[in-house]
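One structure below.
Here is the naming used below: chain letters follow the sequence lines, and residue numbers restart at 1 for every chain. Note that the structure is predicted; figures quoted are calculated from it, not measured.
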Number of protein chains: 2
Amino acid sequence: MKVKATSFDIAHLAGVSQSTVSRALRDSPLVNQETRDRVKAIAAELNYKVDKNASNLRQQQSRTLALLLFEDLTTDDSLINPFFLSMIGSITKASSLAGYDLLISFQNMSDDWHAEFEDTNKADGIILLGYGDFVDYQDKLSQLEEQQTHFVRWGAEDKNHPGLSIGCDNFQGGFDITQHLISTGRKTFAFVGGADDHAPEFQARYLGHCKAISEAGLKINKHYQVEAFSTENSGYDAAKSLISQHAEIDAICCASDLIAIGVMQACKDLGKRIPDDIAVVGYDNIPVSRFTNPALTTVAQDTIRAGELLVTSLLALINGEQITHQSMQVEVVQRQSCGHK
Amino acid sequence: MKVKATSFDIAHLAGVSQSTVSRALRDSPLVNQETRDRVKAIAAELNYKVDKNASNLRQQQSRTLALLLFEDLTTDDSLINPFFLSMIGSITKASSLAGYDLLISFQNMSDDWHAEFEDTNKADGIILLGYGDFVDYQDKLSQLEEQQTHFVRWGAEDKNHPGLSIGCDNFQGGFDITQHLISTGRKTFAFVGGADDHAPEFQARYLGHCKAISEAGLKINKHYQVEAFSTENSGYDAAKSLISQHAEIDAICCASDLIAIGVMQACKDLGKRIPDDIAVVGYDNIPVSRFTNPALTTVAQDTIRAGELLVTSLLALINGEQITHQSMQVEVVQRQSCGHK
DNA sequence: CTGAAAGCGCTTACAG
DNA sequence: CTGAAAGCGCTTACAG
């Protein structure tokens with residue numbers, strides 16, 4: 001087994017006290033420059049690294065953030081929503097930039113709530129990501145708040161929901177893309193994705209969608225909204241029955257790109273041409289959306305920015321600053337699936 | 001600020017010593033059952049959680065694994081290969097099952113090598129994931145080995161490469177899928193994806209591909225192999241020039257599904273029908289491969305199993321057991337892009 | 001500018 | 001079965 005050097009070993013070799021070693025390594029101005037250099041040189045030579053457990057224990061902080069991902073919909077690991085994966089990437093990057101490590105944990109709603117990361121001093125704060133069932137969620141959030149855990153959540157704001165959330169303007173996104181569809185002459189709109197309060201993000205997109213329709217003087221038909229959670233399969237199944245029952249639909253707004261990919265497949269299997277017979281649009285602008293056939297028109301959320309915002313807000317919270325809900329802009333990305341030329 | 005209970009607080013309330021509290025909480029048989037229950041009850045009431053920093057420091061272990069992801073190809077966060085995302089999922093699951101937390105870090109090859117996770121006692125071992133440039137990689141691996149860091153790597157085995165690796169049989173995968181293509185009557189094969197020793201996984205797939213071709217008595221044409229790294233764009237660009245120069249090609253094997261998606265797009269843009277004019281097959285069986293149009297024939301790697309294997313092997317290594325390279329089986333998944341009916 | 005000392009909150013030999 | 005004590009490896013007031 002390898003035996004690690006401690007600050008005492010360095011002190012011994014440098015002929016100074018251990019406290020001086022500790023100060024030198026942390027670049028304390030209290031230490032003579034020459035001493036500092038000498039200590040650092042020896043530390044480098046011994047391949048010395050500060051023991052984080054000791055340092056964290058002493059400082060009562062971990063310089064670590066925990067990212068909890070919820071995805072109750074499925075037990076299949078491969079179905080992680082690519083949008084969240086982008087978020088994982090940007091969150092990881094943002095926390096590393098801030099000098100924090102990132103613990104990650106996938107959880108089912110049904111799981112024991114693993115949010116003891118902060119309680120055990122393994123993390124200074126928690127980021128929550130996921131479109132799990134929001135109603136179940138609520139309780140757990142309250143619990144976190146009660147324990148005075150520092151956390152931020154990606155998602156819709158909700159007056160009566162505890163904690164801080166950062167999210168995109170889902171209502172606006174649903175509105176914008178639907179308006180775009182209307183401007184290209186579509187008349188009969190369907191929406192695939194849950195629109196109840198169990199999935200507030202999807203609901204907001206749906207409400208924006210509806211607003212655009214009524215503003216245009218078109219009719220909203222309740223039967224044209226069908227439930228789906230964010231997987232290709234779920235979208236496929238939902239669209240198949242929807243379209244076969246309602247041949248008059250000429251545009252489908254999907255609550256996510258994953259759903260849209262399934263919906264497009266269903267259209268093809270039913271002999272509907274996209275976009276000639278029917279327009280299909282998504283939401284998220286996941287990487288593959290440019291490569292579907294036809295390329296998917298969708299709503300982009302800036303995941304880079306989102307990751308940064310999540311991390312900086314959480315850090316602010318940890319530092320005791322006052323933070324409020326933030327809503328980010330969205331943008332319609334026009335491709336071919338809507339018939340846009 | 002919340003003030004956390006310590007084991008001393010519990011000791012006080014339970015009327016026992018702090019050492020007894022510690023033992024009781026760890027379910028030591030040394031402690032009287034009744035005392036144990038009482039201590040636990042009080043701990044639960046105070047919402048007490050063992051301080052991991054203190055506990056880890058004392059035990060000189062962290063019960064944490066670090067997952068390092070390399071992806072040098074791009075600075076765009078959204079382009080994380082979905083295959084790796086599946087792996088992240090299964091690794092997270094496997095480590096949580098083993099009672100370990102998971103630190104995650106995306107790194108560029110150019111980065112300072114962050115593998116001090118183990119040196120700082122933040123992690124007991126490291127899992128390396130990524131198809132970065134293997135030649136650069138090599139040095140860093142040697143360094144890890146020198147420092148006696150515990151690590152396992154996802155990927156091809158390489159005689160002269162340091163450390164333990166777990167991977168799928170890429171050669172066999174390349175062989176099997178090419179053979180399948182041959183059996184459907186294709187004659188002129190191209191391969192899109194790097195085939196040099198900078199990307200040994202891709203290379204192995206290519207070599208398997210070549211073996212199948214020569215075994216069938218067909219001709220291998222060097223010009224039909226073009227470089228690409230694992231993104232849709234890269235595949236698209238590679239295929240566009242390949243196909244326009246060599247109209248005779250009737251089958252393209254891609255080193256990854258992402259590449260294949262780009263290749264399919266290029267085929268379409270050039271007016272080639274898939275699979276009628278040209279067959280396209282991928283590698284990885286990422287979730288979206290079922291939803292491309294036509295659905296992509298590909299090679300499946302069992303990511304669930306891979307994640308488990310990676311974690312259990314690493315833990316064995318940490319426990320000082322002797323471990324050797326493991327190669328997992330692959331399986332051809334037949335869909336429509338190869339012309340299979 | 002430097003050192004001796006206390007203490008972060010645990011776990012675990014050691015003694016009874 | 002239980003307690004007093006040492007110690008994991010740091011950081012940082014305190015004193016000089």
Contact class for [X] vs. all strands (heavy atom < 4.0 Å): base, sugar-phosphate, or nothing?
X     : result
B:S19 : base
B:S7  : sugar-phosphate
B:R23 : base

Look only at the side chain of [X] and the backbone of [Y], and say whether a donor-acceptor pair between them is shorter than 3.5 Å.
X      : Y     : result
B:T120 : A:V50 : no
B:N32  : B:E34 : yes
B:R36  : B:V31 : yes

| remark: By nearest-heavy-atom nucleotide on DNA chain D, the more 5' of B:L57 and B:P29 is B:P29

| said: Judged by each residue's nearest nucleotide on DNA chain D, which is more toward the 5′ side, B:S17 or B:A54? | reply: B:S17

Using OP1 and OP2 only, check whether a side-chain N or O of [X] sits under 4.0 Å from [N].
X     : N      : value
B:R26 : C:dC10 : no
B:S22 : C:dT12 : no
B:T20 : D:dG3  : yes
B:S55 : C:dC10 : no
A:Q60 : C:dG7  : no

| task | Determine whether the side chains of B:T64 and B:K52 contain a donor N or O and an acceptor N or O closer than 3.5 Å. | result | no

Just how far, in rounded Å, is [atom2] of [N] from [atom1] of [X]?
X      : N      : atom1 : atom2 : result
B:L30  : C:dG16 : CG    : P     : 17 Å
A:Y48  : D:dG9  : OH    : C1'   : 7 Å
A:K122 : C:dG9  : NZ    : C1'   : 16 Å
A:N56  : D:dT12 : CG    : P     : 12 Å
B:E34  : D:dC1  : CD    : P     : 11 Å
B:Q59  : D:dC10 : CD    : P     : 18 Å
B:Q18  : C:dT12 : CD    : C1'   : 11 Å
B:R63  : D:dC8  : CZ    : P     : 22 Å

Between [atom1] on residue [X] and [atom2] on residue [Y], distance to nearest 0.5 Å:
X      : Y      : atom1 : atom2 : value
A:L309 : A:Q326 : CG    : CD    : 4.5 Å
B:L65  : B:L310 : CG    : CG    : 9.5 Å
B:E308 : B:I166 : CD    : CD1   : 12.0 Å

| request: Ignoring the backbone of B:T35, work out which of D:dG9, C:dA5, D:dT2 is nearest its side chain. | output: D:dT2

| query | Between D:dT12, C:dC10, D:dC10, which nucleotide gets closest to the side-chain atoms of A:D51? | reply | D:dC10

| Dot-bracket encoding of pairs in DNA chain D, which uses [ ] for pseudoknotted crossings and | for another strand, Watson-Crick or G-U under 3.5 angstrom | |||.||||||||.|||

| task | Any chance you could lay out the salt bridge (charged side-chain N to carboxylate O under 4.0 Å, His left out) test for A:K40 and A:D27, step after step, and finish with the verdict? | result | CA-CA 9 Å; A:K40 283 186 183 175; A:D27 253 328; 2.9 Å; yes

